[in-house]
Amino acid sequence: MSVRIDVPSSRPFHYRKRTLYCDSVALNALAEEHGTPLYVYSAGQIRQRFGLFQEAFAERPFTICYAVKANSALAILRLLAEMGAGFDIVSGGELERVRRADKTALKRVVFSGVGKQVWEIDAALKAGILLFNVESEDELALLAERAEALGVRARFALRVNPDVFADTHPYISTGLREHKFGIEIGLARGIYRKALRSKWLDAAGVSVHIGSQIRAVEPFAAALARVAGLVGELREDGHDIRYIDAGGGLGIDYSDSPTEPRFDPARKVKDYAAALRKVSATLDAHLLLEPGRFLVAQAGALLTRVLVVKRNGRRRS
């Protein structure tokens, strides 16, 4: 079970007289009322983080497509849908969760992920999602085949690999040439040209995602600069590129150490927006952003209960 608390706060979890609170609500009271285990989320915190992106990117057309993999709780999806969010999904199951949260939000879904199955592609086509972020030439061929079978045109963006280094953990870095994700940016123009032969494919955008938990904004700008160059070439070839998906990956601070610099989420989003704006200002395209962790990671807690204290020799657990 989960409980949503709708009180705005920049730091929702804090102690008062040795009692842990989420915003203004004592968590021990929630545990007594609802039982444990219990997930508790601060709707105020999520609203505040979402609002930072809305304010920072207000000068241009954009959609915040929340990365559902960060937390797929229906209460969170409904809250974000109420604020006008789109959704970045990686499976048919996540598509169904968006449907259950708010059917109208299906039109604001981008379908990413490396292993899309036929039934998932079909479900997304029938739902009329905004965009497929395609990972390979083989996947693009499958998308065309399923679109023809269903008699609908599929909007897509190739996820290009810009060969940009992001200073993060190597297991969550995805923007270098040797990484398995996306299509090498130098090969993308030829694949887009092939797509012109199919009346079932609509090359509507270009997508990039260079990794997760990235604290510096410069790698995002470098990746988008390479995408901007590709967009110019694609428009010369006759493609109607309307969307640029800048991906997600903006990192947060997990440390409460007094020796570490204070993490300022508002400043971080402003710097991120300024970096992207600098390289995309001349592009007449709708910007898609896919924050996940940044919106929800510091807004939730799992409440559990100590049932027994076990002694095993010197060990106490």
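Owing to the predicted nature of the structure, the values given are computational and were not obtained by experimental measurement.
- Looking only at side-chain heavy atoms (C-beta outward), Ile252 and Arg49 come within less than 4.5 Å of each other.
- Membership of an apolar cluster is not assigned to Leu307, as no side-chain contact below 4.5 Å to another ILVMFWY residue is traced.
- Among residues two or more places apart in sequence or in another chain, the side chain to side chain donor-acceptor pair (under 3.5 Å) test is passed with Lys194 by Glu137.
- Here the side chains of Gln117 and Ile121 are not in contact, with every heavy-atom distance at 4.5 Å or above.
- The side-chain hydrogen bond (donor to acceptor under 3.5 Å, both in side chains) analysis of residues 103-113, with sequence neighbours excluded, yields the pairs Asp88-Ser112, Asp102-Thr104, Ser112-Asn133.
- As a member of the Ile/Leu/Val/Met/Phe/Trp/Tyr network built from side-chain separations under 4.5 Å, Val110 groups with Leu130, Leu131, Tyr243, Leu288.
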Hey, can you pull the donor-acceptor pairs under 3.5 Å for the side chains in residues 53-63, sequence neighbours left out?
unit_1	atom_1	unit_2	atom_2	d
Arg60	NH1	Ser280	OG	2.8
Arg60	NH2	Ala285	O	2.7
Thr63	OG1	His286	NE2	2.7

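- Under the side chain to side chain donor-acceptor pair (under 3.5 Å) criterion, Glu96 pairs with Arg99, Arg100, not counting sequence neighbours.
- With sequence neighbours excluded, no residue forms a side chain to side chain contact (heavy atoms under 4.5 Å, CB included) with Lys199.
- In this structure, the side chain to side chain donor-acceptor pair (under 3.5 Å) partners of Asp237, at least two apart in sequence or on a different chain, are Arg189, Arg193.
- For residues 278-290, no residue pair satisfies the salt bridge (charged side-chain N to carboxylate O under 4.0 Å, His left out) rule, not counting sequence neighbours.
- Taking the six-membered ring for Trp, Tyr192 and Phe156 have ring centres closer than 6.0 Å.
- Two rings, from Tyr21 and Phe13, have their centers 6.0 Å or more apart.
- For Arg316, the side chain to side chain contact (heavy atoms under 4.5 Å, CB included) test picks out Val309, Arg311, with sequence neighbours left out.
- Classification of Arg155 and Asp202 as a salt-bridged pair fails, no side-chain N sitting under 4.0 Å from a carboxylate O.
- Residue pairs that meet the salt bridge (charged side-chain N to carboxylate O under 4.0 Å, His left out) test with at least one member in residues 33-46, sequence neighbours left out, do not exist here.
- Ser198 is linked by a side chain to side chain donor-acceptor pair (under 3.5 Å) to nothing, counting only residues two or more places apart in sequence or in another chain.
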